[in-house]
Amino acid sequence: MRLSNYNYIKKDGENQFIYNTLSNRIVKLSDFSDITYIQNKEFEKISEHKFNLLKEAGIVTDLSVEDEYGLCNDSYFGKVYSGVLDITLITTTACNFRCKYCAQTHTSHVMPKEVYENLIKYIIKHIYEFHTLKLVLFGGEPTLAFSNYIDYLDRILDICRFYKKKFSGVMISNAYLLDDKMLRELYKRNITQYQITVDGSPENHDECRVLADGSGTFQTVYNNLLNMLEAKELKRLNVAIRINTTKELLEDIDSWAPLYEPFSKDKRFLINLGVVEDRGGEAIRSFHKELINETDNIYKTAKDSLAEHRFYEDFLCPNYFVCKEINKMAFALDYNGDVRTCSKIYTDNVKGVLNKKGIIEVNDKFKQFYLKTNTACQGCVFEPLCQGKSCGLKNVCDKEHIEIMVNDYIEKQAKQTAYQDI
């Protein structure tokens, strides 16, 4: 028997927590002698009951180092070969908003019928390779292209039903045009999951997220969210409300938080506190509000405050920091038929093109895209969380940021007694 390579230890006063990042289990040790025995690998001095609990949590293991690393790899490749065909459609590059921090340059391009036809051919060609088709409608602003793709959604649904494949539909939208009629038309076609951004207070939102003519958008977006809330019969609706924050917005949190409490009481809604990020582009250069990140105290304090109202759900698990688009069958289809590794259309990530036969012609540059190549991460305690490849375009390591989030996670789980007390 030996200690797992993936044990992270956090001291909290008289207690000590051990979080195994591979098993995603936390144990609390309050007996200092047990702590000493574990650290010295004197397992025979620990009671049989406690030892079994440590073993169940993966903190003590009879696996070899190589076998444990193999489990970590299995978890990663389980995500690479998930059996989900996950396609993000850049339905249009047009947008009715001109957000003050947006990285995209909006034009009037809309995905033509030829590209949708090629997509259908691709789906049919690969129909036996996946069990679930996940389609994400994105842009620009996808509601602007509603009339272009609605009939193709019907055809894709018919294909999935015929071949007995699951279909999951997602829309990432500013929700300005997402009125009750459009919502229900999409719902009938299994577009039931939404990510909608609202920037906190009406004043802040109307300053940051404006229409092309400069006018505010908060009230229309908020009313459409209220309509979704009131549509109780739409039981499969799942809405993530993302609030992009800056230092100024979080300093005024008490004034706008009550606006979102009605949504926090409905399990179909999740309110996620995010941050305005510098993702490049011209707009962010003149953005005058102070940017923060998720490790800043003001952000963590705000999350603690809002957590009491179920404003967000904090959790970690294996592969948590790995981009979902590392999935071998995940890609973004641009309006012109370009196939991208992900939906970040402002980066150099075109991996090929979807041709008229429904075949992706792949660039040599991306043939190694799915391989876990950062061997320097092997044996790192956080490897099961980030796998040394949180971004599919490059190997990245942000160990300091991950450690801060792990410590915050352990603290929150401790408050909720979500651990095994030994």
Under the side chain to side chain donor-acceptor pair (under 3.5 Å) rule, collect the residues that match up with Asn293, sequence neighbours excluded.
Thr295

Here the ring pair (Phe, Tyr, Trp, His ring centres under 6.0 Å) pairs for residues 167-201, sequence neighbours left out, are Phe97-Tyr176

Between the CG atom in Asn204 and the CD1 atom in Ile243, the distance rounded to the nearest 0.5 Å is 10.5 Å

Give a yes or no answer on whether the side chain of Glu185 reaches the backbone of Lys181 with a donor-acceptor pair at less than 3.5 Å.
no

Under 3.5 Å donor-acceptor, Trp256 side chain and Leu249 backbone
yes

Could you tell me if the side chain of Tyr335 sits less than 4.5 Å from the side chain of Val110, heavy atoms only?
no

Go through the structure and list residues passing side chain to side chain donor-acceptor pair (under 3.5 Å) with Glu56, not counting sequence neighbours.
none

Between atom CG of Leu229 and atom NZ of Lys265, what is the distance when rounded to the nearest 0.5 Å?
10.5 Å

Test salt bridge (charged side-chain N to carboxylate O under 4.0 Å, His left out) applied to Arg242 - qualifying residues, sequence neighbours left out
none

Stepwise, does the side-chain contact (heavy atoms from CB on, under 4.5 Å) test hold for Asn190 with Arg236?
CA-CA 9 Å; Asn190 275 9; Arg236 292 182 291 115; 3.4 Å; yes

Whether the Thr93 and Thr107 side chains hold a donor-acceptor pair (N or O, under 3.5 Å, no angle test) is what I'd like checked.
yes

If only side-chain N and O atoms count, and only distance matters, is there a donor-acceptor pair under 3.5 Å linking Glu141 with Thr92?
no

Residue set satisfying side-chain contact (heavy atoms from CB on, under 4.5 Å) with Asp154, at least two apart, ordered chain then number -> Asp151, Arg189

Decide whether Thr91 and Asn148 meet the rule of one side-chain donor and one side-chain acceptor closer than 3.5 Å.
no

Check: Ser82 main-chain N/O paired with His131 side-chain donor or acceptor under 3.5 Å:
yes

Do the ring planes of Phe269 and Phe263 sit parallel (below 30°), tilted (30 to 60°) or perpendicular (above 60°)?
tilted

Would you mind reporting whether Gln387 and Cys72 have side-chain heavy atoms less than 4.5 Å apart?
yes

Rounded to the nearest 0.5 Å, what separates atom CD1 in Ile191 from atom CG in Leu157?
7.5 Å

Sequence neighbours left out, what passes side chain to side chain donor-acceptor pair (under 3.5 Å) with Ser168? Give chain and number order.
Gln193

Who are the side-chain contact (heavy atoms from CB on, under 4.5 Å) partners of Ser215, not counting sequence neighbours?
Leu211, Asp213

For Val115, give me all partners under side-chain contact (heavy atoms from CB on, under 4.5 Å), at least two apart in sequence or on another chain.
Met111, Pro112, Leu333

Spatial distance of atom OH (Tyr19) from atom CD1 (Ile9) [nearest 0.5 Å]:
14.5 Å

If you take all heavy atoms of Cys323 and Lys79, which pair is closest and at what distance?
O-CE, 4.0 Å

Taking atom NZ of Lys232 as the centre, report whether more than 12 heavy atoms of other residues, nucleotides or ligands fall under 6.0 Å from it.
yes

Where do Thr143 and Met171 come nearest, in terms of heavy atoms and distance?
CG2-SD, 3.9 Å

Considering all heavy atoms of both residues, which atom of Asn327 and which atom of Val80 are nearest to each other, and what is their separation?
OD1-O, 3.1 Å

With distance as the sole criterion, is a donor-acceptor pair present between the side chains of Tyr101 and Asp199 under 3.5 Å?
yes

Do any N or O atoms from the side chain of Tyr69 and from the backbone of Asn5 form a donor-acceptor pair under 3.5 angstrom?
no

Given the side-chain rings of Phe331 and Tyr122, with only the six-membered ring counted for Trp, is the space between their centroids under 6.0 Å?
yes

So for atom CD, which belongs to Glu233, do other residues, nucleotides or ligands contribute more than 12 heavy atoms lying within a distance under 6.0 Å?
yes

Identify, with sequence neighbours excluded, every residue that meets salt bridge (charged side-chain N to carboxylate O under 4.0 Å, His left out) alongside Lys356.
none

Counting only N and O atoms by type, is there a donor-acceptor contact under 3.5 Å from the side chain of Thr21 to the main-chain atoms of Val381?
yes

Check: Leu259 main-chain N/O paired with Tyr222 side-chain donor or acceptor under 3.5 Å
yes

Regarding Lys28 and Asp12, does a basic nitrogen lie under 4.0 Å from an acidic carboxylate oxygen?
no

Thr88 side, atom OG1; Ile172 side, atom CD1 - distance, nearest 0.5 Å:
6.5 Å

Please determine, by modelled atom types, if Asn118 and Glu114 share a side-chain donor-acceptor pair under 3.5 angstrom.
no

Checking Asp334 side chain against Gly337 main chain: does a donor-acceptor pair fall under 3.5 Å?
no

For Arg209 and Thr217, what are the C-alpha separation, side-chain angles and deciding distance, and is it a side-chain contact (heavy atoms from CB on, under 4.5 Å)?
CA-CA 7 Å; Arg209 299 180 64 80; Thr217 61; 4.2 Å; yes

side-chain contact (heavy atoms from CB on, under 4.5 Å) partners for His106, two or more places apart:
Cys95, Arg98, Cys102, Gln104

Looking only at side chains, do Arg25 and Asn20 share a donor and an acceptor under 3.5 Å apart?
no

State the CG-CE distance between Asp180 and Met182, to the nearest 0.5 angstrom.
11.5 Å

I'd like to know if the side chain of Asn227 reaches the main chain of Asp179, judged simply by a donor and an acceptor atom lying under 3.5 Å from each other, with no hydrogens or angles considered.
no

Do Met228 and Leu225 pass the side-chain contact (heavy atoms from CB on, under 4.5 Å) test, and can you show the C-alpha distance, the side-chain angles, and the key distance before you say yes or no?
CA-CA 5 Å; Met228 298 171 94; Leu225 283 170; 4.1 Å; yes

When you check the side-chain N and O atoms of His288 and Glu248, is any donor under 3.5 Å from an acceptor?
no

Without swapping roles, check the side chain of Lys165 against the backbone of Ile127 for a donor-acceptor pair under 3.5 Å.
yes

Can a salt bridge be assigned to the pair Asp266 and Arg268 using a cut-off of 4.0 Å between side-chain N and carboxylate O?
yes

Output every pair passing ring pair (Phe, Tyr, Trp, His ring centres under 6.0 Å) with a member in residues 139-159, not counting sequence neighbours, ordered by first then second residue.
Tyr116-Tyr152

So that I can tick it off, tell me whether Lys247 and Glu251 are bridged by a salt bridge, with the cut-off set at under 4.0 angstrom between side-chain N and carboxylate O.
yes

Salt bridge present between Glu411 and Lys10 (N-O < 4.0 angstrom)
yes

Which heavy atom in Ile59 sits nearest to a heavy atom in Asn7, and how many Å separate them?
O-ND2, 3.1 Å

Flag the pair Ser23 / Tyr6 as yes when at least one side-chain heavy-atom distance between them is below 4.5 Å, and no otherwise.
no

With Glu117 via salt bridge (charged side-chain N to carboxylate O under 4.0 Å, His left out) - residues at least two apart
Arg155

Pair Ile402-Cys386, side-chain contact (heavy atoms from CB on, under 4.5 Å): steps then yes or no
CA-CA 9 Å; Ile402 292 173; Cys386 77; 3.8 Å; yes

Check whether NZ of the Lys or CZ of the Arg Lys399 lies under 6.0 Å from the centre of the six-membered ring of Phe382 and within 45 degrees of that ring's axis.
no

